[in-house]
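Protein chains get the first letters and strands the later ones, always in sequence-line order, with residue 1 at the start of each.
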2 protein chains.
Amino acid sequence: MGQLPTVLDVATAAGVSRQTVSNVLNSPELVRPATREKVESAIADLGYRPHASARRLRTQKSSTIGIRLDPMTDGISGSVLDRFLHALTEQADTKGLRMLLFTATDPDDEIRQFQRLRDGADVDAFVLTSTFHGDPRTEWLIENGQSFVTFGRPWGIDDMNDPQHLWVDVDGRHGLREATTHLLKTGLRRIGYIGWPSPSGTGDDRRLGWLETMRESSGPTTAEIAELEVTTQEGVSFGVAAVRALESVPGGVEGVVCASDSLALGALIGSTRRIPIIGYDNTPVAASIGFSSVEQPLDEVATGVLDLLTGAHGGKLSDDAVTDPRHRLVKPRLIVRDVPTLGVATR
Amino acid sequence: MGQLPTVLDVATAAGVSRQTVSNVLNSPELVRPATREKVESAIADLGYRPHASARRLRTQKSSTIGIRLDPMTDGISGSVLDRFLHALTEQADTKGLRMLLFTATDPDDEIRQFQRLRDGADVDAFVLTSTFHGDPRTEWLIENGQSFVTFGRPWGIDDMNDPQHLWVDVDGRHGLREATTHLLKTGLRRIGYIGWPSPSGTGDDRRLGWLETMRESSGPTTAEIAELEVTTQEGVSFGVAAVRALESVPGGVEGVVCASDSLALGALIGSTRRIPIIGYDNTPVAASIGFSSVEQPLDEVATGVLDLLTGAHGGKLSDDAVTDPRHRLVKPRLIVRDVPTLGVATR
DNA sequence: TCCAAAAATTGGATCGATCAAATTTGGAGC
DNA sequence: GCTCCAAATTTGATCGATCCAATTTTTGGA
């Protein structure tokens, strides 16, 4: 068991040449079935595995995707990235792709990392997890012809349909529509919203889902709806204050939908009445405390990201990507849970 | 800006040969300072980066470390792995190492992945995040001469000091000593413990920290201490039941230390009195709800893991690893927070 | 000043795979 | 049986770096 077998060993064992072995691996249709079988059994016998680095040197492709591991953001919703990463790694594997991690301290540093990884032929594509209008990173990537896909829409007016910028995102508006509709269906009318101040791409999008649904409902008037909205910073403690503000509105509030699980958790803690509250992201906290939340279908996002990457890279687009094969918007789904056994402390 | 520069381009630009450029990069001490400077400025001018795959093909080393991305375990404590991964990636980068992700459905599948990644020369070491006595994975790795380090001790009697098994771990016993001592110092005497059933390597270790401290204290008798312990499954809801059991013990309980943040969160939710509760892992949940918790120094763990890997790999051990240069136990620290504004609901 | 030993540098070969072009094979058609 | 063409297979070159052995330059002592 000295050396690992190479193509040459397989070729000798099967009584063919190197190239034929290579063809069996990469272009099986070129090889006659009888020959193919001989080679395949030799591969199995010897336990041959292609040497990844050698292949990459020759083909100038790394079959590796780079992704930045963000420093824990606020914390609670960090698990979304975590789950996304897991889905991505799993699916990349089935396509023969690998995920390489890197970290960066700021956007400029990140660009430096892009360059480093690209020049070393370490990766041949990047996945970015959050971008913004005029993001220097996407600009650099486009200018330098690096292929990449972002999880999250670029929220600038022009950017959104830029054919050079491939993205996959979750339809937050749809998610909040679902959440709001769910509460309306249970007979509640005055549904409040706790979100982030505008402008915030994702925030404004989610808010719209609530707003539109409320306007279409037969409940509060437009003026009343406006009073049922509170925007605040992200964080549990801000959620506490926000729900108290909502509860003190004339007419009160009968249910709340939030832009995040952190805000929802705060709302649950701060709420003096036991009103239903729905979060966003379906984080472990929501699951363990037991409140409803909108779940992002991260498997689908991962699939979309890889489809776009391999499609763009290989030059061929998948058949079912009918309308816009460069962007993909997937629908989240609402996870309904009973109101948890959690309330305010009698301090 | 057609092709990326190669060693030959740099050599030509600097007026030296390929090998000299290679020496500047890999064995600078062999090159005369004057020559070295010339080469270095040529490298900078051309923006040359060595082609990672070519180097790996020649040297048969990948400078890449593989790590399995676990499927989200129970959820809440999943963020520990996340933070560890971040620390690892960051520090690996400073040593010129890269982190490659993979997933696996079970231990056997994981071994298959080891093989795949090794044969493809994709990685030259692995980091395992949790091992157990008689773990088939570590056995395979040792048998096949693969270098690896585990985060977590192998809890078997013989395994622990196996010189072939490098590990880094956090001293959970010390952590629970700190937590228990902290509560004792505030004047409380009857400190309870909520943990997992034996045998559990980490669980038993943490429990010991609480038990020893209680025995050394001037508080409850040994018999009373035994009543202050509840073991249960991991999970928030189990924590709820556990704290209620403790509160109904004759004499009650004045404070609780837990084996995990999930249990601590459950205890907080289930507790009818407002007693201080300390968790373990200092997860985002602990931070946002605001209860005390024992924090694992993941940066130090990451440093240790890489030290052991590069030490074992390069054959040289760091100077300050005095006692046992193959294993490293780091001390966690207690993060103290006020009792949170969270209690039981008046259902 | 000269010579041997040490230091620095050079060109050729190589890692394991794939590409490109050349060669052989097999089968249809006459 | 023979020609011819397409399909199947083989051979030679190459990707970019490092290793190895050989060569040239420098250093230091007599």
d(CZ, R56(B); P, dG16(D)) in whole Å: 15 Å
Hey, does R36(A) reach any base, or is it just sugar-phosphate, or nothing, if we go heavy atoms under 4.0 Å? nothing
Any base atoms under 4.0 Å from S53(B), or only sugar-phosphate, or nothing? Heavy atoms, all strands. nothing
With nearest nucleotides of DNA chain C determined for G15(B) and L25(A) from heavy-atom distances, which residue corresponds to the more 5′ nucleotide? G15(B)
Establish whether the base of dT14(D) is bridged to the side chain of R58(A) by a donor-acceptor pair shorter than 3.5 Å. yes
Both Q60(B) and V31(B) contact DNA chain C. Taking the nearest nucleotide for each, which residue is further toward the 5' end? V31(B)
Roughly, in whole Å, what's the span from CD1 in I43(B) to C1' in dA17(D)? 13 Å
Does the side chain of T103(A) pick up a donor-acceptor pair with the side chain of H86(B) at under 3.5 Å? no
Phosphate OP1/OP2 of dA17(D): any S22(B) side-chain N/O under 4.0 Å: no
Taking the side chain of T20(B) as heavy atoms from C-beta outward, which of dT18(D), dA17(C), dT10(C) is closest to it? dT10(C)
With the side chain defined as heavy atoms from C-beta on, T35(B) is closest, among dT10(C), dT9(C), dG16(D), to dT9(C)
To the nearest angstrom, the CG-P distance between L57(A) and dA13(D) comes to 18 Å
I need the CD-C1' distance between E29(A) and dA8(D), as an integer number of Å. 12 Å
Determine the contact category for T6(A): base if any of its heavy atoms lies under 4.0 Å from a base atom, sugar-phosphate if only primed atoms, P, OP1 or OP2 are that close, otherwise nothing. sugar-phosphate
When you match P33(A) and R18(A) each to their closest nucleotide on DNA chain D, which lands nearer the 5' end? P33(A)
Heavy-atom count check: over 12 atoms from other residues, nucleotides or ligands less than 6.0 Å from R36(B) CZ? yes
In whole angstroms, the gap separating C1' of dC19(C) from CG of L30(A) amounts to 13 Å
What's the CZ-P distance between R32(B) and dA6(C), to the nearest Å? 17 Å
Would you indicate what S17(B) reaches in the nucleic acid, counting non-hydrogen atoms under 4.0 angstrom: base, sugar-phosphate, or nothing? base
Using OP1 and OP2 only, check whether a side-chain N or O of N23(A) sits under 4.0 Å from dA8(D). no
With no hydrogens and no angle check, just 3.5 Å: does a side-chain donor-acceptor pair link Q115(B) and R112(B)? no
Give me the ring orientation class for F126(B) and F102(B): parallel if the planes are under 30° apart, tilted from 30 to 60°, perpendicular past 60°. perpendicular
For atom NZ of K38(B) and atom C1' of dA8(C), their distance in whole Å: 12 Å
Whole-Å gap separating C1' (dA17(C)) and NZ (K61(A)): 15 Å
When the ring planes of F84(A) and F151(A) are compared, do they come out parallel, tilted or perpendicular, using 30° and 60° as the limits? tilted
